[in-house]
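This report concerns only the one structure given below.
Both counts, for ligands and for their atoms, begin at 1 and track the order of listing.
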Amino acid sequence: MKTCLDDLALLGGTPLFTEKLHVGRPNIGSREDLLRRINDILDNRWLTNNGPYVNEFEARLCGLLGVKHCIPTCNGTVALEIAIRAAGLRGEVIVPSMTFVATAHSLQWQEITPVFCDIDPVTCNIDPSRVEEMITPRTTGIVGVHLWGRPCDVDALEEVARARNLRLLFDAAHAFGCSRKGRMVGGFGNAEILSFHATKFLNTFEGGAVATNDDELAARIRLMKNFGFAGYDNVIYIGTNGKMSEVSAAMGLTGLDSMEEFIEVNRRNYELYREGLAGVPGVEVLSYDGGERCNYQYVILRMDEDEAGISRDRLVESLHAENVMARRYFYPGCHRMEPYRSYFPHSGLLLANTERLAGSVVSLPTGTAVGTGEISALCGLVRFVAENGAELSERLDGTGRA
Ligand code: T4K
């Protein structure tokens, strides 16, 4: 516990944690079940290319999400690239900038221009009323992102897409296992893209999927993720290698078996953070809608620098010194990353809410690798830093630190 500023590791004290506490440590289910499945894969000598575990994984995903197709891929980025191509997007596509850069890159990689749209300051998701303003004759689609698992305003986006004849995709990388108005994420828009990266709620080491109820789109995606092969020696489409391996599917199936336990732990952690940080000046833990299904995979702090008396970046610096590897997901926003900041140097002018949010968020460690004692200690640390924010800032100013 810290009782005076000199106790802070940033000012020469001993770090609160001896080992680094990371954001995004994987949730891992039963090792025995995973190893049993891997042994089976080795016995079968069927390692990839639509093997039985990938097919079983797809069927389980479809059942869970209530969709007709949920095509597993090697990662979420390739799933995005394939879905974007298969849906026929080109020209310009409207996306939020407040997302992981893969959302924008998967468009630009195919020479489609991502047009960054501001977010709603409350939901933190793309603002449907601003989407209209970004539409030009070159616009072919919208890619919404369910940031931190909190679903977009799907109805409003569907309305804009329908009225303006645009395709609508969702980057649902954060939202596996989440629902909106009782419907699972996966079935909205023309297609939704999932990520099963190690850091995600459900992981397949690396992996992703495209969920859709559109049979034709699904058929194209299946071809595209396998070089366009429609049978031995018969290529009927341009394609890439987007296939998921059997070992990845085995990991995914094993994770699915423990999904409810992961949610329980995540929810417990989230509630502990909410309680532990209640009333801390200038610090708000972003909330989830308790009436919906939610994976609670992200614990996000929003800092009000004026109230806390210390900047978000200095809080993060203080946490890092204590071995809490908090992250600023998603600072500084895609529009301030290359190549976008060179292509559109002034896009920030239209992204005031994005810039404010990207400058004030902190993502904290949670998941099954984090214990309740660690969370209590971490909350105590954040409270101490915020309550002594002004004095700490002064001390750091005095040392010439930015
Ligand atoms: N759309 C959205 C909205 C996304 O957030 C993402 C991915 C995608 C699309 C693309 O999906 P994928 O193609 O990745 O399937 C990480 C992940 O690599 C990325 O998957 C994720 N979003 C993003 C939010 O985070 P980095 O560059 O921040 O990763 P890194 O290496 O700094 O690791 C993050 C933390 O996780 C560290 O604190 C350590 C911990 N970690 C990581 C790995 C890989 C572990 O404890 N164990 C591990 O095995 O991007």
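- Nearest to atom 9 (C) of ligand 1 among the protein's heavy atoms is D171 OD2, 3.4 Å.
- A salt bridge between D6 and R395 is present, with a side-chain N of the basic residue lying under 4.0 Å from a carboxylate O of the acidic one.
- In this structure, C117 SG and I135 CD1 are separated by 9.5 Å, a value rounded to the nearest 0.5 Å.
- With a heavy-atom cut-off of 4.0 Å, T199 touches ligand 1 through its side chain alone.
- Protein heavy atom closest to atom 41 (N) of ligand 1, with residue, atom name and distance, is G24 O, 3.6 Å.
- In this structure, the protein non-hydrogen atom closest to atom 18 (O) of ligand 1 is H197 CE1, 3.2 Å.
- Taking distance alone, with nitrogen or oxygen atoms compared against 3.5 Å, M325 stays at or beyond that limit from ligand 1.
- Screening V115, T113, I84 against L107 for a side chain to side chain contact (heavy atoms under 4.5 Å, CB included) leaves a single residue, I84.
- Residue contacts with ligand 1 include G207, since one or more of its heavy atoms lies under 4.0 Å from the ligand.
- Between R274 and E271 no salt bridge is recorded (no basic side-chain N to carboxylate O distance below 4.0 Å).
- Residue E206 does not touch ligand 1, judged by heavy-atom distances below 4.0 Å.
- Distance from atom 49 (O) of ligand 1 to its nearest protein heavy atom, with residue and atom name: A198 CB, 3.7 Å.
- Set against the non-hydrogen atoms of G76, the atoms of ligand 1 under 4.0 Å away are 11 (O), 12 (P), 13 (O), 15 (O).
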Give the C-alpha distance, both sets of side-chain angles, the deciding distance and a yes or no for ring pair (Phe, Tyr, Trp, His ring centres under 6.0 Å) between H335 and Y343. CA-CA 9 Å; H335 67 290; Y343 288 170; over 10 Å; no
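- The A102 neighbourhood of ligand 1 comprises atoms 8 (C), 9 (C), 10 (C), with distances under 4.0 Å to a heavy atom of that residue.
- When H22, M98, R328, R327 are checked for heavy-atom proximity to atom 33 (O) of ligand 1, R327 turns out nearest.
- When the heavy atoms of F205, W148, F100, Y329 are ranked by distance to atom 28 (O) of ligand 1, first place goes to Y329.
- In summary, the atoms of ligand 1 found under 4.0 Å from a heavy atom of S195, numbered by their order in the structure, are 11 (O), 12 (P), 15 (O).
- Surrounding CG of N234 are more than 12 heavy atoms belonging to other residues, nucleotides or ligands, all under 6.0 Å away.
- Remark: D257 engages R60 in a salt bridge, criterion side-chain N to carboxylate O under 4.0 Å.
- Distance remark: protein heavy atom not present below 4.0 angstrom from atom 31 (O) of ligand 1.
- Protein heavy atom in closest approach to atom 21 (C) of ligand 1: K200 NZ, 2.9 Å.
- Shown in contact with F330 at under 4.0 Å from a heavy atom are these atoms of ligand 1, numbered in order with element: 5 (O), 24 (C).
- In terms of protein heavy-atom proximity, atom 13 (O) of ligand 1 is nearest to T77 OG1, 2.6 Å.
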After noting the C-alpha distance and the side-chain angles of N266 and Q297, does the key distance pass the side-chain hydrogen bond (donor to acceptor under 3.5 Å, both in side chains) rule? CA-CA 6 Å; N266 278 352; Q297 178 71 1; 3.0 Å; yes
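- Relative to atom 3 (C) of ligand 1, the option among K20, H174, E81, R25 with the closest non-hydrogen atom is H174.
- Taking the charged nitrogens against the carboxylate oxygens, E261 and R268 have no contact shorter than 4.0 Å, which rules out a salt bridge.
- Closest protein heavy atom to atom 47 (N) of ligand 1: P26 CD, 3.5 Å.
- No hydrogens or angles considered: nothing links the side chains of Y331 and D313 as a donor-acceptor pair under 3.5 Å.
- Looking at V23 next to ligand 1, an N or O pair under 3.5 Å apart turns up.
- Of the residues D118, L157, D153, T99, the one that meets the side chain to side chain contact (heavy atoms under 4.5 Å, CB included) test with I126 is L157.
- Nearest heavy-atom pair, V145 versus N125, reported as atom, atom and distance to 0.1 Å: O-OD1, 2.9 Å.
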